[in-house]
Amino acid sequence: MGDKILTTEHLYAYYDQHCVLKDINMSIPKFKVTAIMGPSGCGKTTLLRCFNRLHELSPGGRIKGKIRLRNTDLLSLNPIQVRRRIGMVFQRPNPFPTMSIYENVIAGYRLNGIKLSQNKADEIVEQALKKTALWDEVKDVLYRRGTFLSGGQQQRLCIARALAMNPEVLLLDEPTSALDPKSTAHIEELIVELKDTVSIVIVTHNIGQAGRVADYTAFLYLGELVEFGPTERLFTAPKDKRTEEYLTGKFG
Amino acid sequence: MMENYRKRELINTLMKGLVFFFTTLSLVPLLFILFYLIKQGIGAINWEFLTHLPKPVGESGGGVFNAIVGTIILIILSTLMAVPLGIGAGIYLAEVKTGKLVYLLRLGTDILQGTPSIVLGVIAYLWVVKPMKSFSALAGSVALAIMMLPVIICSTEETLKLIPYSLKEAALALGAPYYRTILKVILPAGFSGILTGILLGIARIAGETAPLLFTAFGSPYLNLNPLKPINALPLVVFNYASSPYPDWWRQAWGASFVLTVMVLVFNLAAKIGARKWEIKF
């Protein structure tokens, strides 16, 4: 499986007393796309939000167990440090409405109080927008509000905003569920291109999407990790009956 | 069947007529006040009225320049006091949502909203005038600031509650510390709503007389020192209108007119500001 970027050991997640993730043990490989799929309410988004410690901010959110980022214990780090190293893109595009496109991309630095020279900032913005194939579309309107863009463009702007911080891992929480098919295809292409520079974890309830973009796929059901392996193997020869039933549309 | 239908239509028309009638009826006093104010007030308004100090009884002419300046100073001082406090408390309510302190703050805000303004004047008298042994613009501003506070707290809370949580998550997911998320993402996104609240708060206090009676007190002179008694437009109206001199009655109408225009301007500014800086999510 090669190098691992994120490893969980006996990970449990709770909302107050309600356990939503049970004993998750998995290793997420470096520079690959890993999909987490499963029916609604199975805990896939919660798992993603454990990785960047956003889960703890939900009311009653608690984590038990171990998560390792490379070799450091992620839960012993300051959440702010974790979130700078692990970027996230959400279900609905959420560019900062008061900021221009340029300011949105550089927002990670500004919000962290990191001073950049004008040249350096320009460079970061250009690179991030080029990585997300947005540069040519927006280079003449960098100072317009990010919210003027179309939904698909906004989502790519949000990916650029996360990438600008040079994260080691990029978490995508159903990034295309609010988008039309064309924008979805565009984002999927982008995800495959990006894996050379950043390890990607994508949550999806779309089996097709997992098949198209992911090297590895995890199937989560009722808070348990049912099966995890190379996408092709998992799709063609699932070991668990529940995985097979989910893939064939028997539930979910 | 047909008969029934006709009856229903008749009742419908009757109800529509009734609603229209009461709407018009409630507009009558409003229009009447405006008409009377303009009719009586506009005659008193001239350059001298706006730019000169009051003259002693018996001498004709003179103006309310000191009261206009005084009202502006009172507004500025009370806004400076109420805005940071109100926005801070509003953020606390919107962010923390539950708990003892939140419950107390909500209760306090509600009570403050309903407290008669003269009571706030008495409070400011006890807190500021008595210890400092002098009526002052500062004391008046304290009373007005307390009046403004609930308006600003409520509007800040309501505005911030409408900001989608996803925006806050976006900032936090970038590793932004909590305080910067509030200052750089949440507050700017709520700017128009908070500004509207401030302007409505100002509009509310600009015409208040009762809290000023024994705090700012009034003064025949032009005063820029916040530690001295100061004149204000509502005080001019109160003092002049209750005097026995027809010349002063006319001036009271003029001052009422100026005051009404000021309040109107703040209300309009609040509406325009809300539209202009509205943020779409």
Side-chain angles (χ1 to χ4, degrees), chain A residues 45 48-49 51-59 77-99 103-114 145-148 154-155 157-167 169-173 178, chain B residues 87 90-103 106 155-198 272-281:
Chain A
T45 295
L48 201 67
R49 292 163 65 92
F51 290 143
N52 71 346
R53 313 257 318 250
L54 270 186
H55 175 63
E56 294 155 60
L57 295 178
S58 314
L77 291 171
N78 184 329
I80 287 173
Q81 281 175 299
V82 174
R83 292 181 200 136
R84 283 187 206 173
R85 290 171 65 181
I86 302 183
M88 183 161 184
V89 175
F90 296 83
Q91 251 183 49
R92 296 194 153 271
N94 53 359
F96 297 122
T98 51
M99 299 184 193
E103 287 168 325
N104 259 290
V105 179
I106 208 76
Y109 293 88
R110 298 261 165 90
L111 289 175
N112 279 302
I114 301 168
R145 291 259 168 94
T147 40
F148 282 111
Q154 283 189 26
Q155 195 59 304
L157 176 61
C158 292
I159 297 175
R161 180 174 68 187
L163 288 176
M165 296 296 283
N166 271 321
V169 185
L170 184 64
L171 308 174
L172 305 167
D173 184 7
Chain B
I87 292 182
I91 293 174
Y92 188 81
L93 284 182
E95 286 293 310
V96 182
K97 294 188 192 83
T98 51
K100 262 205 177 104
L101 192 56
V102 168
Y103 174 76
R106 284 231 169 84
S155 64
T156 304
E157 187 198 356
E158 292 307 318
T159 305
L160 297 188
K161 268 196 200 154
L162 290 179
I163 294 172
Y165 186 66
S166 66
L167 217 56
K168 193 161 136 196
E169 277 188 329
L172 292 172
L174 287 168
Y178 183 70
Y179 76 95
R180 274 183 200 270
T181 305
I182 297 290
L183 288 177
K184 306 250 164 137
V185 177
I186 305 296
L187 279 184
F191 178 75
S192 89
I194 295 171
L195 183 78
T196 307
I198 294 172
I272 293 167
R275 212 172 308 146
K276 184 160 179 210
W277 285 295
E278 196 194 354
I279 300 287
K280 292 200 176 62
F281 301 106

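First the proteins, then the strands, lettered A, B, ... as listed; each starts at 1.
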Practice prompt. Could you note down all residue pairs passing salt bridge (Lys or Arg N to Asp or Glu O under 4.0 Å) where residues 80-91 of chain A supplies at least one of them, sequence neighbours left out?
Written response: A/Arg85-A/Glu168
Fill in: Contact class of B/Tyr178 relative to chain A, heavy atoms under 4.5 angstrom
neither
Worksheet, complete the sentence: side-chain contact (heavy atoms from CB on, under 4.5 Å) filter on A/Arg92, not counting sequence neighbours, yields A/Ala178
Discussion item. Only heavy atoms, only distances under 4.5 angstrom. Which residues in residues 90-103 of chain B are near chain A?
Written reply: none
Worksheet entry | Structural part of A/Pro95 lying under 4.5 Å from a heavy atom of chain B | backbone
Practice prompt. Could you pull out the closest heavy-atom pair between A/Met99 and B/Val185, with the gap in Å?
Written response: CE-CG2, 4.4 Å
Item to complete: Count the heavy-atom pairs under 4.5 Å between each of A/Arg161, A/Gln81, A/Met88 and chain B, then report the option with the highest count.
Response: A/Arg161
Discussion item. Quick check on A/Phe96 against chain B: is it the side chain, the backbone, both or neither that has a heavy atom closer than 4.5 Å?
Written reply: both
Worksheet, complete the sentence: Here the pair of heavy atoms bringing A/Leu111 nearest to B/Pro177 is O-CD, 3.5 Å
Worksheet item: Where does A/Asn112 contact chain B at under 4.5 Å (heavy atoms): side chain, backbone, both or neither?
Response: both
Fill in: Residues in residues 166-175 of chain B that sit under 4.5 Å from chain A, counting heavy atoms only
B/Ser166, B/Leu167, B/Glu169, B/Ala170, B/Ala171, B/Leu172, B/Ala173, B/Leu174, B/Gly175
Response to the item:
Honestly, the part of A/Leu57 sitting under 4.5 Å from a heavy atom of chain B is both
